[in-house]
Amino acid sequence: MRHVIALDVGGTGMKAALTGPGGEVLHRARRATGRAQGPDAVLAGILDFAAELHAYGAEHFGTPASAAGVAVPGIVDEAHGVAVYAANLGWRDVPLRDLLTQRLGVPVALGHDVRTGGLAEGRVGAGRGADRFLFVALGTGIAGAIGVDGRVEAGAHGFAGEIGHIVVRPGGSPCPCGQRGCLERFASAAAVSEAWATATGDPDADAAGCAKAVDSGDPKALAVWQQAVDALADGLVTALTLLDPRTLIIGGGLAEAGETLFTPLREAIRHRVTFQKQPSLVPAALGDTAGCLGAGLLAWDLVDHTDRMEVTP
């Protein structure tokens, strides 16, 4: 049976699958990234894991994988297949696509983890059927994926979708990127956790606890939450003005608060838009499987493209 390898590399773990032509998952596997052993060990682990998946597919499905798709964090040059920089993995300028192609003997597509997850959400998840979508992940930081006609825009230099570094509070808190007042310093799960810990005096307080306190009507929690919602709405309206998406998909840890987040966020956006058309605002549907599913889509896109190239006169 025809299949591809899908691999999502995270800071602590790797999620993998073999997927069929219709996107069906034929096999799943997980493995620790092993970053404590250093960047070279992480790279070796990825190559070995991919080779094991390749061998499994050949044995169980009667034919080797047609291609592989790999999603990695950090700065990714997708056009040249290079993992430019990944702080969590200790990487700089790793030619991952070429290394995997040499090891597996099949075409390999390399993608940025959030953009790859956004691709899956747009095609087979919460944005299914939308010709234009914006996926925003609210986690430790904030990142996004810009979807256009079934693909995700990487940008000229691989930085498209970095909505977390829109300045929403000029002169505000310093951001590791070098600016001050970036969106992710106010509306990420990490930012809400920090603000809630300060408000309560409890260093272990986190965003999930803040959301629960909001539901119970705690005034301190409501103030912290509203500050985050207002900052997020400011950043999103800037993005809406530039991109005009039909669907806005919100994922990541903060989105797990459900309507505690979505109800005030829809209202805050509604109050800010003027001439802009407010998109459909929906929660992400695929959870932590999005990156792996998206990697599979990248691989099948590569197969489809290769097939087309082979039959073109």
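- Here the closest non-hydrogen pair linking E78 and L110 is CG-O, 3.4 Å.
- The main-chain N or O of G13 is found under 3.5 Å from a side-chain atom of T33 such that the two form a donor-acceptor pair.
- Salt bridge status for R103 with D98: absent, with no side-chain N to carboxylate O gap under 4.0 Å.
- Not one N or O on the side chain of R132 forms a donor-acceptor pair closer than 3.5 Å with the backbone of R246.
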Q. Please walk me through it: do R169 and D230 pass salt bridge (charged side-chain N to carboxylate O under 4.0 Å, His left out)?
A. CA-CA 11 Å; R169 300 291 182 266; D230 286 341; 5.7 Å; no

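- Taking a cutoff of 4.0 Å between a charged side-chain nitrogen and a carboxylate oxygen, E162 and R115 do not qualify as a salt bridge.
- Contact check on D288 versus R30 returns a salt bridge, with a Lys/Arg side-chain nitrogen under 4.0 Å from an Asp/Glu carboxylate oxygen.
- Listed here is the closest heavy atom pair of V82 and P95: CG2-CA, 4.3 Å.
- Of all the heavy atoms in A126 and V282, the pair that sits closest is CB-CG2, 3.9 Å.
- Under 4.0 Å is where a charged nitrogen must lie from a carboxylate oxygen, and between E121 and R128 no such pair does.
- Atom-to-atom distance recorded for T241:OG1 and R272:CZ is 12.0 Å, nearest 0.5 angstrom.
- Note: I166 CD1 to I163 CD1 = 4.5 Å, rounded to the nearest 0.5 Å.
- Using a distance-only test at 3.5 Å, with no hydrogens or angles considered, a donor-acceptor pair links the side chain of E184 to the main chain of I142.
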Q: Check the pair R2 / V303 against side-chain contact (heavy atoms from CB on, under 4.5 Å), numbers first and verdict last.
A: CA-CA 10 Å; R2 294 180 79 207; V303 172; 3.1 Å; yes

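- Between G118 and V152 the shortest heavy-atom distance is C-CG2, 4.3 Å.
- Side-chain N or O atoms of W225 include one that pairs as donor or acceptor with a backbone N or O of T260 at under 3.5 Å.
- Taking the six-membered ring for Trp and thresholds of 30 and 60 degrees, H27 and Y56 have nearly parallel ring planes, at less than 30 degrees apart.
- Minimum heavy-atom separation, L134 to P245: N-CB, 3.8 Å.
- The backbone N or O of P174 lies less than 3.5 Å from a partner atom in the side chain of R185, making a donor-acceptor pair.
- Counting heavy atoms from C-beta on, the side chains of L183 and H165 never come closer than 4.5 Å.
- Under a 4.0 Å N-O distance rule, the pair D218/K212 does not qualify as a salt bridge.
- Formation of a donor-acceptor pair under 3.5 Å by the H3 side chain with backbone atoms of M1 is found in this model.
- R97 contributes no side-chain N or O that, together with a main-chain N or O of A109, makes up a donor-acceptor pair within less than 3.5 Å.
- The shortest non-hydrogen separation linking L26 to F61 is CB-CZ, 3.6 Å.
- The closest donor-acceptor contact from the side chain of T101 to the backbone of P107 lies at 3.5 Å or more, if one exists at all.
- Within 6.0 Å of CD in E52 there are more than 12 heavy atoms belonging to other residues, nucleotides or ligands.
- Formation of a donor-acceptor pair under 3.5 Å by the T19 side chain with backbone atoms of E24 is not found in this model.
- Within a 6.0 Å sphere centred on CZ of R28, other residues, nucleotides and ligands contribute 12 heavy atoms or fewer.
- At distances below 3.5 Å, at least one donor-acceptor pair connects side-chain atoms of T289 with backbone N or O atoms of L286.
- Using a 4.5 Å cut-off on side-chain heavy atoms (C-beta onward), L47 and L100 make contact.
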Q.
Checking T274 against Q276 for the side-chain contact (heavy atoms from CB on, under 4.5 Å) test, could you report, in this order, the C-alpha distance in whole Å, the side-chain angles of both residues, the deciding distance, and whether it holds?
A. CA-CA 6 Å; T274 53; Q276 306 94 331; 3.3 Å; yes

Q. Please walk me through it: do V224 and T198 pass side-chain contact (heavy atoms from CB on, under 4.5 Å)?
A. CA-CA 10 Å; V224 168; T198 299; over 6 Å; no

